[in-house]
Undergrad: 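One structure, pasted below without further comment.
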Amino acid sequence: MDKKIATKNRDEKFQREFQQLGFYAPETLDIFQEINPLEITKKSSFNRLNYLLGFIKRNKLESFESFVNNLQKTYASLIKADYCIIHKYDIKDLIKDFEYLKEYKQLAINSLNYFLGLLELSSDVDWVNEKVKVPKGNYFRSFLIPRYQNVSILSETVGREEGIMLYKIYRTEHAKISTPEDKKTRFETLEDLRKDDFQDYKGGGNPGWVRIEGIVKNGKFVYRKDSCLYAEAMKDYPDNEFKFLAACYYDYQGTRIQWNKDFILTMDHTIAGGDPYCSCVVHDTRIDWDLTHPSKEYWDSIWPLQKWQKKNE
């Protein structure tokens with residue numbers, strides 16, 4: 001069968017009833033939000049970094065010390081200010097529950113200083129004792145860019161192909177152990193997921209995020225993400241594959257863990273990876289065991305591409 005005809009027949013299996021949810025608002029990244037830097041550092045940055053160190057030690061022991069040294073050197077070179085010294089902050093209590101960060105205290109200090117620098121805090125802000133207000137874009141960068149750096153440094157240490165493979169396995173493992181029980185298996189059906197997703201966008205919710213959302217049909221829930229504030233926050237970083245890993249890769253495991261163990265996400269195009277949109281199909285494998293993903297022509301045709309998207313193609 002002719003390839004074009006086969007592709008057309010495959011695409012026709014997918015429905016074409018869509019609506020736009022959300023609206024374009026890149027200025028959302030400039031809106032201030034209040035955060036507790038030390039709480040976020042402990043729950044997010046240190047939790048992930050400590051687990052990554054343990055994972056590499058278990059799975060790539062011969063490269064572990066080199067990886068730690070490369071992390072320390074790279075983070076040190078990126079630090080904007082030594083916030084710990086300026087505020088005479090002893091990191092000991094913050095890392096007491098983290099096995100590897102206790103052993104590599106300087107790495108923990110470098111990581112904290114790097115995190116605070118990405119928030120672009122001025123040196124006179126009392127981040128130790130008070131909550132701080134930062135632009136949402138800075139907050140996104142504070143957790144996305146360290147992920148980007150970690151996979152980049154790992155790839156430099158062990159080689160790109162193996163580094164990316166190890167990082168994917170680490171993200172999968174960490175997703176499984178870090179998701180609270182009350183966040184698991186939230187939806188019985190794809191229709192439950194679709195209805196909940198629709199509610200998130202009602203009344204101007206999720207400004208800056210745009211989704212072209214379809215109906216549920218034949219065990220498939222199809223939608224196209226037409227904007228991504230995570231990708232926008234990382235646009236000045238050059239490596240699209242690392243940006244994809246930092247911003248998007250968790251979604252594959254998150255679909256199964258947080259939504260339903262029988263759901264599988266396919267996503268062949270991502271904004272973080274350099275595409276004009278993210279193409280997403282959630283398959284309920286109890287109904288749809290053939291995880292076919294539509295062609296680019298299908299995704300291009302379901303809804304007009306906006307000027308913002310075309311500019312970024």
Side-chain angles (χ1 to χ4, degrees), residues 10 13-15 21 43-44 47-52 54-56 58-59 140 143-144 147-148 150-151 154 163-201 206 209 211-225 228-231 241-273 275 277-294 298-299:
R10 182 187 70 189
K13 294 178 181 179
F14 291 83
Q15 50 80 26
L21 302 181
K43 288 185 177 181
S44 181
N47 181 291
R48 293 174 186 275
L49 181 57
N50 189 75
Y51 193 89
L52 177 59
F55 174 82
I56 297 302
R58 293 191 302 273
N59 293 276
F140 287 166
F143 61 81
L144 291 168
R147 295 180 197 172
Y148 178 102
N150 289 346
V151 66
L154 180 58
I164 289 172
M165 178 195 70
L166 287 169
Y167 191 82
K168 287 180 176 179
I169 298 171
Y170 143 73
R171 285 289 281 156
T172 299
E173 280 193 11
H174 189 261
K176 291 177 180 178
I177 64 99
S178 63
T179 304
E181 287 300 320
D182 62 350
K183 298 292 186 183
K184 294 180 179 179
T185 315
R186 294 164 50 205
F187 307 109
E188 175 57 29
T189 68
L190 290 177
E191 188 60 32
D192 293 337
L193 167 63
R194 189 197 67 79
K195 289 178 179 178
D196 184 81
D197 182 68
F198 179 81
Q199 291 297 320
D200 289 343
Y201 287 86
N206 288 340
W209 302 88
R211 175 173 292 195
I212 308 304
E213 185 169 285
I215 61 174
V216 174
K217 186 177 180 181
N218 299 327
K220 298 173 172 61
F221 176 35
V222 180
Y223 55 94
R224 193 180 79 188
K225 298 179 183 178
C228 175
L229 294 180
Y230 284 0
E241 189 168 18
F242 293 162
K243 288 192 286 189
F244 161 77
L245 291 169
C248 314
Y249 190 73
Y250 170 81
D251 292 354
Y252 295 108
Q253 285 300 324
T255 296
R256 301 182 65 196
I257 296 169
Q258 294 191 14
W259 291 351
N260 189 303
K261 63 180 177 60
D262 293 312
F263 294 175
I264 289 181
L265 170 70
T266 58
M267 183 169 56
D268 284 0
H269 314 89
T270 63
I271 298 171
D275 298 300
Y277 49 70
C278 304
S279 64
C280 305
V281 182
V282 183
H283 309 258
D284 185 341
T285 57
R286 295 167 296 186
I287 303 168
D288 170 32
W289 52 265
D290 179 11
L291 305 181
T292 302
H293 197 84
Y298 171 85
W299 295 104

Undergrad: Hey, are the side chains of L291 and T285 touching, using non-hydrogen atoms and a 4.5 Å cut-off?
TA: yes

Undergrad: For A272 and C248, which heavy atoms make the closest approach, and how far apart are they?
TA: CB-SG, 3.7 Å

Undergrad: Which residue is it: F244, Y249, Y250, F140? I am looking for the one with a ring pair (Phe, Tyr, Trp, His ring centres under 6.0 Å) to Y230.
TA: F140

Undergrad: Just list the side-chain donor-acceptor pairs under 3.5 Å for residues 165-172, sequence neighbours left out, or say none.
TA:
| from | atom 1 | to | atom 2 | distance (Å) |
| --- | --- | --- | --- | --- |
| Y170 | OH | R48 | O | 3.4 |
| T172 | OG1 | K168 | O | 2.9 |

Undergrad: At what distance, to the nearest 0.5 angstrom, does OH of Y252 lie from CD1 of I264?
TA: 12.0 Å

Undergrad: Would I177 and Y51 satisfy side chain to side chain contact (heavy atoms under 4.5 Å, CB included), going step by step from the backbone distance to the final call?
TA: CA-CA 10 Å; I177 64 99; Y51 193 89; 3.8 Å; yes

Undergrad: Can you sort out the partners of E181 under side-chain hydrogen bond (donor to acceptor under 3.5 Å, both in side chains), two or more places apart, ordered by chain and number?
TA: K184

Undergrad: How far apart are the C-alpha atoms of V282 and L190, what are their side-chain angles, what is the distance that settles it, and do they pass the side chain to side chain contact (heavy atoms under 4.5 Å, CB included) test?
TA: CA-CA 8 Å; V282 183; L190 290 177; 3.6 Å; yes

Undergrad: Side chains of L245 and R147: closer than 4.5 Å at any heavy-atom pair?
TA: no

Undergrad: Between SG of C278 and CZ of R224, what distance do you get to the nearest 0.5 Å?
TA: 10.5 Å

Undergrad: So that I can tick it off, tell me whether R194 and E191 are bridged by a salt bridge, with the cut-off set at under 4.0 angstrom between side-chain N and carboxylate O.
TA: yes

Undergrad: Would you call the rings of Y277 and W299 parallel, tilted or perpendicular if under 30° counts as parallel and over 60° as perpendicular?
TA: tilted

Undergrad: In Å and rounded to the nearest 0.5 Å, what is the CZ to CG distance from F187 to D284?
TA: 13.0 Å

Undergrad: Evaluate the side chain to side chain contact (heavy atoms under 4.5 Å, CB included) criterion for residues I287 and D262: first the C-alpha distance (whole Å), next the side-chain angles of each, then the deciding distance (0.1 Å), finally the verdict.
TA: CA-CA 9 Å; I287 303 168; D262 293 312; over 6 Å; no

Undergrad: In Å and rounded to the nearest 0.5 Å, what is the CG to NE2 distance from D290 to H283?
TA: 8.5 Å

Undergrad: Output the distance between atom CG (D196) and atom CG (D192), rounded to the nearest 0.5 Å.
TA: 8.5 Å

Undergrad: Of all the heavy-atom pairs spanning Y148 and V151, show the shortest one and how long it is.
TA: O-CG1, 3.3 Å

Undergrad: What distance do I257 atom CD1 and S178 atom OG have between them, rounded to the nearest 0.5 Å?
TA: 7.5 Å

Undergrad: Compare every heavy atom of S279 with every heavy atom of H293, then report the nearest pair and how far apart it is.
TA: NE2-OG, 3.0 Å

Undergrad: Side chains of R211 and D200: does their closest heavy-atom pair fall under 4.5 Å?
TA: no

Undergrad: Quick one: ring pair (Phe, Tyr, Trp, His ring centres under 6.0 Å) partners of F263, sequence neighbours excluded?
TA: none

Undergrad: Minimum heavy-atom separation for Y223 and K225, please, with both atom names.
TA: CE1-CE, 3.8 Å

Undergrad: Can you tell me if D197 uses its side chain to pair, donor with acceptor, with the backbone of L193 under 3.5 Å?
TA: no

Undergrad: Below 4.5 Å, heavy atoms only, C-beta onward: do N47 and H174 meet side chain to side chain?
TA: yes

Undergrad: Give me the atom names and distance for the closest heavy-atom approach of L144 to A247.
TA: CD2-CA, 4.0 Å

Undergrad: Walk me through whether F221 and E213 qualify under side chain to side chain contact (heavy atoms under 4.5 Å, CB included).
TA: CA-CA 8 Å; F221 176 35; E213 185 169 285; 3.5 Å; yes

